[in-house]
Number of protein chains: 2
Amino acid sequence: MNLRQDIHNSDIPVLCQACEARHRGLCGALEPKQLVALSRTSSRHRIHPGAELIGDSENIDSFSNILSGVVKLTKTLSDGRQQIVGLQFAPDFLGRPFRSESVINAQAATELSLCSFPKSVLERMIHESPGFERRLLRQALNELDEARDWMVTLGRKTAGEKVASFLVRIARNIDPEAAANGASATFDLPLTRADIADFLGLTIETVSRQLTKLRTEGVIGIENNRRVNVHNMERLEARSGR
Amino acid sequence: MNLRQDIHNSDIPVLCQACEARHRGLCGALEPKQLVALSRTSSRHRIHPGAELIGDSENIDSFSNILSGVVKLTKTLSDGRQQIVGLQFAPDFLGRPFRSESVINAQAATELSLCSFPKSVLERMIHESPGFERRLLRQALNELDEARDWMVTLGRKTAGEKVASFLVRIARNIDPEAAANGASATFDLPLTRADIADFLGLTIETVSRQLTKLRTEGVIGIENNRRVNVHNMERLEARSGR
DNA sequence: CGCGTGTTTGAAGGCGCTCAACCGCTGTGG
DNA sequence: CCACAGCGGTTGAGCGCCTTCAAACACGCG
């Protein structure tokens, strides 16, 4: 385990030195002295699955970088029907700038580690550092691309294709090169069956049935309910509708 | 019809003086001299319904402001199934910065008027004007909010609720205050039944049936196939699932 | 051991799709 | 002037996928 040797690494706050957000996330846009300022007002949190990070129509007064774990963004209709409208992974930025009240719920899907800072600090960063805003814009556009991809899945795919699409998406996030090579991949699902159903616009039962169908047909293996082995990514993708 | 009296209105290019994009859109972020530079390289286009503005996996080399009309953003699966993943109205900005190839199709849904400029100019504007980038970020975040709202509709609502939600959304865009007051509103649908179906993840037949259902139950009136009269927005919204 | 939570499996029913015919309007050409 | 084709939309009949309701199962924990 050797630390990256950056120029002037010594100027960088200890907490930030090995932080993924600084390498691939938002903080990569910041100068050492800005990092120092940010780290002074930021705090790390460890959060358990199921904990609510922000609720619908609550005031937005802090933002976070996701250091590890998965966050689910959900929306709920008045009669209780629920839909997951976004999944965020490390080192994503979490929060909605330029809005006083949240229009979604954010909940920890897994064990979670966050680096949080208050709204005022975000606003200062935005004004002081153009690169910071650029990163926010890039992430927003990427999330928009993903959301639109998912709209096709929700609107036009069958249950079987939806479940396959979901597995492909998770696999890509956890094991990118295996996914790219069409090879095999083993990983833990970050979501329960209920979450997967809410993500796909299906019922728990349908998700379960489609998963066992993929298993009996030899496309995937299932151990532990959570742990999945995709024997052949190419074959899984062929079932995802594309 | 009196032109807005801005300070130094005379410094602003003639074409831009009455342009909505300068008042509510992207160009509002620009200084007069930047407007002059932009207007030198930009050109106005009039486009007929059905014309393709950009295709999937084509190179992105220009961007536009929508001056009037409606643009539909679509995605298509390999077997032809299609989904509309976004609708854009004046004075929205049209295009995907920071990406060499498009991942969607953009098509004129109605008669359209655009103000287009090349990629290089956009990139210069982004670097020269922080306000410009801020506007892009705001629009991207708003589109993301809308997309997520729509994911709930696609994933969790019934056909009847989907059609009602669609009408509410259109009404809000065309007659905002009527929509807010729960009053009545009359307008032309910017989409054909086929487009509405692709927007809602339904078939043409189901859309048609749900519209006639709303008509026979006295919630809306239909003339001309395109022209719709919402007798009571409140009653329509009650059917949209919320 | 019993309880709780998450998951699987089964049987029955309904919502939205598929297939097909028809309607109304428009433009075109004999 | 009428016949006809083309297009968008409506309406009907039957079916299939996914949901609903219900029960059983697996695993962990007090």
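Heavy atoms only: backbone and side chains are in, while hydrogens, waters and symmetry mates are out. Keep in mind that what you see is a predicted model, and the values were worked out from it rather than measured. In what follows, every chain begins at residue 1, and chains take the letters A, B, ... in the order their sequences are listed.
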I'd like a list of close polar pairs between nucleotides 25-30 of chain D and the protein, N/O only, cut-off under 3.5 Å.
none

Residue list, side-chain hydrogen bond (donor to acceptor under 3.5 Å, both in side chains) with A:Ser43, at least two apart or on another chain: A:His45

Atom pair distance, as rounded to whole Å: NZ in A:Lys213 and P in C:dT9: 14 Å

Length of the line joining A:Arg226:CZ and C:dT8:C1', which is rounded to integer Å: 16 Å

A:Arg209: salt bridge (Lys or Arg N to Asp or Glu O under 4.0 Å) partners, not counting sequence neighbours: none

Chi angles and distances behind the salt bridge (Lys or Arg N to Asp or Glu O under 4.0 Å) call for A:Asp149, B:Lys75: CA-CA 8 Å; A:Asp149 240 23; B:Lys75 279 180 166 261; 2.6 Å; yes

d(CD1, B:Ile222; C1', D:dG9) in whole Å: 10 Å

A:Arg209 CZ - C:dT7 P separation (whole Å): 15 Å

Euclidean distance, atom CD of residue A:Glu205 to atom P of C:dG10 [Å, nearest integer]: 14 Å

A:Ile204 CD1 - C:dT5 P separation (whole Å): 13 Å

side-chain contact (heavy atoms from CB on, under 4.5 Å) partners of A:Asn59, counting only residues at least two apart: A:Asp61, A:Glu101

Criterion side chain to side chain contact (heavy atoms under 4.5 Å, CB included) against A:Met151, the qualifying member of B:Val85, B:Ile84, B:Thr153: B:Val85

Let me check something: any side-chain donor-acceptor pairs from residues 90-98 of chain A under 3.5 Å, sequence neighbours excluded? List them with distances.
from: A:Asp92; atom 1: OD2; to: A:Phe89; atom 2: N; distance (Å): 3.1
from: A:Arg96; atom 1: NE; to: B:Asp145; atom 2: OD2; distance (Å): 3.2
from: A:Arg96; atom 1: NH2; to: B:Asn142; atom 2: OD1; distance (Å): 3.1
from: A:Arg96; atom 1: NH2; to: B:Asp145; atom 2: OD2; distance (Å): 2.8

hbond_proxy B:Arg156 side chain to D:dT19 base (donor-acceptor, 3.5 Å cutoff): no

Distance-only polar pair, side chains of B:Asn229 and B:Glu223, donor-acceptor under 3.5 Å: no

Any B:Arg193 side-chain N or O less than 4.0 Å from OP1/OP2 of D:dT10: yes

Electrostatic pair A:Arg242-B:Asp79, nearest N-O below 4.0 angstrom: no

Dump every N/O contact between nucleotides 15-18 of chain D and the protein below 3.5 Å, one line per pair.
from: D:dC18; atom 1: OP1; to: A:Ala159; atom 2: N; distance (Å): 2.7

Atom pair distance, as rounded to whole Å: CG in A:Leu211 and P in C:dT8: 7 Å

Derivation of the salt bridge (Lys or Arg N to Asp or Glu O under 4.0 Å) call for B:Arg169 and B:Glu146: CA-CA 10 Å; B:Arg169 191 184 183 99; B:Glu146 283 179 24; 3.3 Å; yes

Separation of atom CG in A:Asn225 from atom C1' in C:dT8, rounded to whole Å: 9 Å

